Amino acid sequence: MSGVEVFVDLRPRFGHARDQGPRPTCLAFAASDTHAGVRPGWLPLSSEYAFHRAQTRMGFGPDEGATLASMLDVLREDGQPEEGGWPYLPATPVDAASWVPPGDVGLLFRRGSERRPVAFDIIVGEIERGQPVIVLIQLSRSFFRPDADGMIHPATGETPEPQRRHAVVAVGHGKAGGHRAILVRNSWGAKWGKRGHAWLTETFIAPRIYAAAKLTEDVVVVSPDPPAA
């Protein structure tokens, strides 16, 4: 495979790809970056805050992955501050009881959402309308090794691995090596793929998608501690 024909590329709306490190925070990064990407200008939002609120809602600890439902509820109901309000922690907190946000995180930005069907063409259609999509997929070995052109295509006999689940942001579509493909933004830093992005062919991504969502209307910005009337 070689060569990419780009039809839509939303990367200019995003900043540099961030790195979640060893923590199970891929969905917090995907949701936070999508949230920042649909707002005017690029201003990173706190994935730490979003992850904490999602886990609190579910009764999960900081060493477990989040669910899409809880993360979307957080964006709509709780909101999240700018990255500087609660910067990302490089390591999983040892003491879950001490894992709490700072007293003043700043304004909380909220956003509605809509679950989307897990269909390749539906996601492409959203991208065509300028809408990045949060996509949850099952991984397999090729995902860990994008080729020199930043393409990922399954090897012969390669199948999805249900125990390996991950969240990315669909930010473009086109043709990669003659195959229809979706461009995704990952949270493994700039060294993965092409500066943190890769083209997933339809053959790879279509059977691996198990959930997807887009963010919709902006909800009124609120203070984390509004004054009483």
Side-chain angles (χ1 to χ4, degrees), residues 1-22 24-34 36-38 42 47 65 68 116-215:
M1 294 175 61
S2 63
V4 176
E5 183 181 1
V6 180
F7 298 155
V8 177
D9 187 347
L10 304 180
R11 279 178 291 185
R13 291 166 51 179
F14 293 79
H16 297 300
R18 300 193 286 173
D19 190 348
Q20 71 182 77
T25 51
C26 60
L27 181 53
F29 273 83
S32 298
D33 283 0
T34 302
V38 298
W42 171 255
S47 54
L68 181 58
R116 303 303 293 138
V118 290
F120 184 91
D121 286 333
I122 295 293
I123 294 172
V124 166
E126 294 293 351
I127 295 168
E128 278 285 339
R129 290 185 284 273
Q131 176 67 57
V133 181
I134 301 167
V135 180
L136 279 66
I137 59 176
Q138 297 174 354
L139 302 183
S140 56
R141 62 183 183 275
S142 292
F143 188 84
F144 297 87
R145 300 187 299 272
D147 70 15
D149 293 313
M151 301 181 205
I152 295 174
H153 190 69
T156 301
E158 183 176 349
T159 59
E161 299 177 29
Q163 73 279 13
R164 288 183 170 179
R165 298 192 170 197
H166 192 50
V168 294
V169 186
V171 296
H173 79 97
K175 282 191 174 180
H179 298 264
R180 292 205 302 168
I182 288 175
L183 176 66
V184 301
R185 173 186 175 89
N186 201 2
S187 53
W188 291 353
K191 292 183 179 180
W192 181 86
K194 288 290 190 180
R195 297 182 180 179
H197 299 76
W199 292 92
L200 275 56
T201 66
E202 183 176 9
T203 304
F204 183 89
I205 192 172
R208 289 166 171 78
I209 305 170
Y210 67 90
K214 68 175 183 178
L215 300 187

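Treat the numbers as computed from the prediction; the structure is a model and nothing was measured.
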Are the side chains of S140 and E161 in contact, using a 4.5 Å heavy-atom criterion? yes
Write down the atom of A36, the atom of W42, and the distance for their closest heavy-atom approach. CB-CZ3, 3.4 Å
Could you tell me whether the side chain of E158 reaches within less than 4.5 Å of the side chain of F204, counting heavy atoms only? yes
To the nearest 0.5 Å, how far apart are CD1 in I152 and CZ in R145? 10.0 Å
Side-chain heavy atoms of R116 within contact of I134, under 4.5 Å: no
CG on D9 to CZ on F14, rounded to 0.5 Å: 10.0 Å
Given the rule in the side-chain contact (heavy atoms from CB on, under 4.5 Å) test, do V135 and V184 qualify, once you have shown the distances and angles that lead to the verdict? CA-CA 9 Å; V135 180; V184 301; over 6 Å; no
Could you report the tightest heavy-atom contact between L215 and A31, atom names first, then the distance? CD1-O, 4.2 Å
Locate the shortest heavy-atom distance separating R185 from H16; write the atom from each residue and the value. NH2-O, 3.0 Å
For R141, look at atom CZ and say whether over 12 heavy atoms of other residues, nucleotides or ligands are found less than 6.0 Å away. yes
Do V8 and L183 make a side-chain contact, defined as non-hydrogen atoms from C-beta onward lying under 4.5 Å apart? no
Nearest 0.5 Å, what's the CD1-CG distance between I137 and L200? 5.5 Å
Taking 4.0 angstrom as the limit, do E202 and R180 come out as a salt bridge? yes
Ignoring hydrogens and angles, tell me if any N or O in the side chain of K175 forms a donor-acceptor pair with the backbone of T201 under 3.5 Å. no
Look up atom CG in L10 and atom CD in Q131, then write down how far apart they are to the nearest 0.5 Å. 8.5 Å
State, with a plain yes or no, whether a side-chain heavy atom of W199 is found less than 4.5 Å away from one of V6. yes
If every non-hydrogen atom of A17 is compared with every non-hydrogen atom of G196, which pair is closest and at what distance? CB-CA, 3.8 Å
Output a table of donor-acceptor pairs, distance under 3.5 Å, between side-chain atoms of residues 165-172 and any protein atom two or more places apart or on a different chain; print 'none' if there are none.
from : atom 1 : to   : atom 2 : distance (Å)
R165 : NE     : P162 : O      : 3.2
H166 : NE2    : N186 : OD1    : 2.7

To the nearest 0.5 Å, what is the distance between CD (Q20) and OG (S47)? 9.0 Å
Could you pull out the closest heavy-atom pair between V133 and A213, with the gap in Å? CG1-O, 3.4 Å
Distance check, rounded to the nearest 0.5 Å: Q138 atom CD versus T159 atom OG1? 9.5 Å
Least distance between heavy atoms, P117 atom then I122 atom: CD-CG2, 3.8 Å
Any I182 side-chain heavy atom under 4.5 Å of I123 side chain: yes
Aromatic ring proximity, centroids under 6.0 angstrom, W188 and F29: no
Mind checking whether H173 and F7 have parallel, tilted or perpendicular rings, split at 30° and 60°? perpendicular
M151 versus V4: any side-chain heavy-atom pair under 4.5 Å? yes
